[in-house]
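Heads up: the structure comes next, in C-alpha cells.
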Amino acid sequence: MLAVDRFSRRRFGTLVTALAVTLVAFSSPFSARAGSPDAGILPTKIPEGTLLRIGDPETQRALELSGLIDRLPFKVEWANISGGPQTIEAFRADALDVGSVADIPPIHATWTGLKVKIIAAKFRKDPVAHPIYQLGIAPGVEVKTLADLRGKRIAFSPGQAQGALVLRVLQAAGLKKEDVNLIELPSKGDAYPVALASKQVDVAPIWGVLVKHYLHQYGADGATTIPHGLRDDPAHLYAPQAVLDDPAKAAALGEYVRYWALAARWVEEHPKEWIEGYYVATQGLNSEDGQYLVDADGRFDIPSDWNDVIARQQATIDLLARELNKPPIKAEDLFDRRFEAIAANALNAS
Amino acid sequence: MNAISHTAAVALPIPYASDERGLLAPAVQPRKTGTRRRLALGRAIPFGALIGPALLLVIWSIGSIAGLIDPRTLPAPWSVVGTAIDLIAAGKLQDHLMTSAWRAAQGLVFGVLIGTTLALISGLSRLGEAIIDGPVQIKRAIPTLALIPLLMLWFGIGEGMKVTAIALAVLIPIYIQTHSSLRSIDSRYVELAQTLRMGYGEFIREVILPGALPGFFLGLRFAVTYAWLSLVVVEQVNATSGIGYMIDLARNYGQTDIVIVGLAVYALLGLASDGIVRFFQERSLSWRRTLAD
C-alpha cells in the first residue's frame, strides 16, 4: 500500500503539470482548433428524440424499482450487456453507447485500438473489509497467506478485472509472474469455481455468491478462501469516444450519470426491495443469497474528485503494461473529466 | 409425387422393395413362408423410441441413489425435477420457453426456406452450384459461436442477429441433404420423364421435388435440433429471457440444477420436434417402401 501511496503522489504531480499545460494551451489563441471536444464544458441540452443505448442491467433494475426510470429526460434502449468482453464487443458493433464495467476493460479497449472514456466512478467504503473477490483455494491445497502462492497454479484472465487482481496480488506478495504458474482461463459464469473444484487450478479469484456456494459445496473436501487484502472495488461507466463527441448523446450521458448515482443510493437505502426485486425476481437467487450479496457490498462511495482514482488507475496500467508487454498509456486520457462532479453533486443536491 | 410411386411400383420394379411385397414371388420362391421376413427388421416395438432415453434415466437414478454420482457435479433426477417444478410454479420456465420457441421458430422458417431454395438452385443448375455450393460448404465449416461477433457487427445485438444466427445454422443441413438427395435421383426417372415428354415444370414437380423429399426431411430432422441448439449461443448475447439465457444466468451463480433443467428441456424439445418431423416424414413419404417399413 505504501508503494501505491508514493506512486499516487508522484502521479498527482504529473497530473497538476498536465493540467497546467492544458490550461495554457487552452488560453492560447489557437486553442479553439487544438482542444478536443471533451476538454470543454459538457453540453446540457438534450434534443428531442435523443436515444441512449445503455448496457447497465443493475442500474436499469434499480431505476425501475425506484420509479426513477420515468424521469430520464431521453429515450433509452436497454441492453442486457455488462462486463468487459461483452461491452467492448457491443461498442465495436456500434450497438451500445455506454457500458458498466470495473477498471480493466477501458484499459484493454484502448490497447485493442478502441477509444473509450470513463464517465463515472463508484467505489466501496472500506474496500478491504468489503472486497468483491476472494482468493478461492482448491480442495486439499495449502494456501493460508499470500506468500503461500509461490509455485501454485493460478487462474488468470488478462483482459478482465480478475486478471489485474491476480497481478496486483502477486505484486503485494512480493512474487514475480515466474514464481507462480499462471493458467490462462477467462472468468465466465462459474468457470473459476468449477476449475477449482476439479483441481484444474490451485487458486482463482472468485466473487459474489459463488464464494458462498463454493465453500458450501466443497468446504467439506477442504476448499477454502482467503482475503487478498487489496482494494478491488472500482465500478465504472464508460463510453466510446465517438459517442462522447456527439453533443446530444454527451448531454444525455451527463443526465444518465446523475440517475446512476441516485439509483445507487436508492439500492443502499432499500435493501429489502433490492433483494426481492433484483436478486430474487430477475436473477433466480433466494433471499438469503441476496442478503449475503447486499452485506458483502457494504456502503458505496462516489468521490467528487478523481485525482486519486486516476492515480490508482495509472498504477494498474503500469503494472499491466509491464506484466503483459503492452504500451504504457496515460490514465488521465481514459477519464472524461467533464463528468467528474456530476454524480457526487447529484447525491449532495437531493 | 404420385408419378414416381406409380411408375416405381408398376413399370420399374425395384428388387429389394418388391421382394417383401411379393411382386417377384414367382421368380424367387421362398423355401418356407416363416423365413420370408428374416432379412428385414421385424415388427416395430411399441414406444421403442423412448426405451433408450428411459434407460439413461434409470442409470442416472441408480447412480445417484448408490452415491456413484456426485450431486455437486450432476444433481439427482428428482432434485432436477424439483427445481423444474419450482421454476414452473414461479412462471419462469414457461416464459423462457416461449421466448426461445418463438426465436427458434422464426430461425427455422427462414433457414428452411433459404436452405431449400439454395439447394434447388444449386442442385438444378451447374452455374447455381458453382456460385452457391462453395459458400454453403464454407459456412458449414464455421461454428455459429465464432460467427457471433461478426453477426453482431452486421446485425447489431437485437432479435435480428439472433434469428439470423439460427437461420444460418438451420439452412446447412437442409441444403446439404436436399441437394444430395436431389442429385442422387436415379437417372432412369429422368429418362422416363424424357420418354413421357414431360415439360421442365412438370419434371420438377413430379420427379425432382418428390425425389428430393427424403433428403429434405432428413435435413429437417437435423434442422429442428440445430434451431434449439443455436439458442444457447445466441441467448448469451443481450438476452433477458430464453432457455439459453436461463442456463447462462444460472452459470453466473453456480446453480448446476437449473443448468440441468435447461439441458433436460433441450433434450425433450429435441426429441419432441424430431418426433413431429418423423411423423410428417412418414406421411409424406408413404409411397416409399424401405427397410423401415
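Naming: A, B, ... by sequence-line order, numbering from 1 per chain.
- Remark: Glu288(A) CD is loosely packed, at most 12 non-hydrogen atoms of other residues, nucleotides or ligands lying under 6.0 Å away.
- More than 12 heavy-atom neighbours from other residues, nucleotides or ligands sit within 6.0 angstrom of OH on Tyr278(A).
- A donor-acceptor pair under 3.5 Å is formed between the side chain of Asn80(A) and the backbone N or O of Ala239(B).
- Interface remark: Ala197(A) contributes no atoms to any contact with chain B (heavy atom separation under 4.5 Å).
- Closest non-hydrogen pair, Ala95(A) versus Gly156(B), comes out as CB-CA, 4.5 Å.
- Contacts between Val211(A) and chain B at a heavy-atom distance below 4.5 Å are absent for every atom of the residue.
- With a 4.5 angstrom heavy-atom cutoff, Tyr245(B) touches chain A only via side-chain atoms.
- Residues meeting the side chain to side chain contact (heavy atoms under 4.5 Å, CB included) test with Asp202(A), sequence neighbours left out: Val141(A), Lys152(A), Arg153(A).
- Between Pro149(B) and Glu89(A) the shortest heavy-atom distance is CG-OE2, 3.4 Å.
- The closest side-chain heavy-atom distance from Gln236(B) to Lys188(A) is below 4.5 Å.
- Gln283(A) places no side-chain N or O within donor-acceptor distance of the main-chain N or O of Tyr253(B), the cut-off being under 3.5 Å.
- Residue Ser198(A): no heavy atom, backbone or side chain, is found under 4.5 Å from chain B.
- Looking at Asp86(B), neither its backbone nor its side chain comes within 4.5 Å of chain A, counting heavy atoms on both sides.
- Heavy atoms of other residues, nucleotides or ligands lying less than 6.0 angstrom from CZ of Phe110(B) number 12 at most.
- Atom CG of Asp289(A) sits about 7.5 Å away from atom CD of Gln255(B), to the nearest 0.5 Å.
- Atom CH2 of Trp78(A) has more than 12 neighbouring heavy atoms from other residues, nucleotides or ligands inside a 6.0 Å radius.
- Other residues, nucleotides and ligands contribute only 12 or fewer heavy atoms inside 6.0 Å of the CH2 atom of Trp102(B).
- A distance-only check finds no donor-acceptor pair linking the side chain of Gln86(A) to the backbone of Asn238(B) [under 3.5 Å].
- Side-chain contact between Asn252(B) and Asp190(A) is absent, with no heavy-atom pair separated by less than 4.5 Å.
- Both the backbone and the side chain of Tyr218(A) come within contact range of chain B, judged by heavy atoms closer than 4.5 Å.
- With a 4.5 Å cut-off on non-hydrogen atoms, Ile157(B) touches chain A through its backbone and its side chain both.
- Interface residue Leu285(A): backbone and side-chain heavy atoms are both found under 4.5 Å from chain B.
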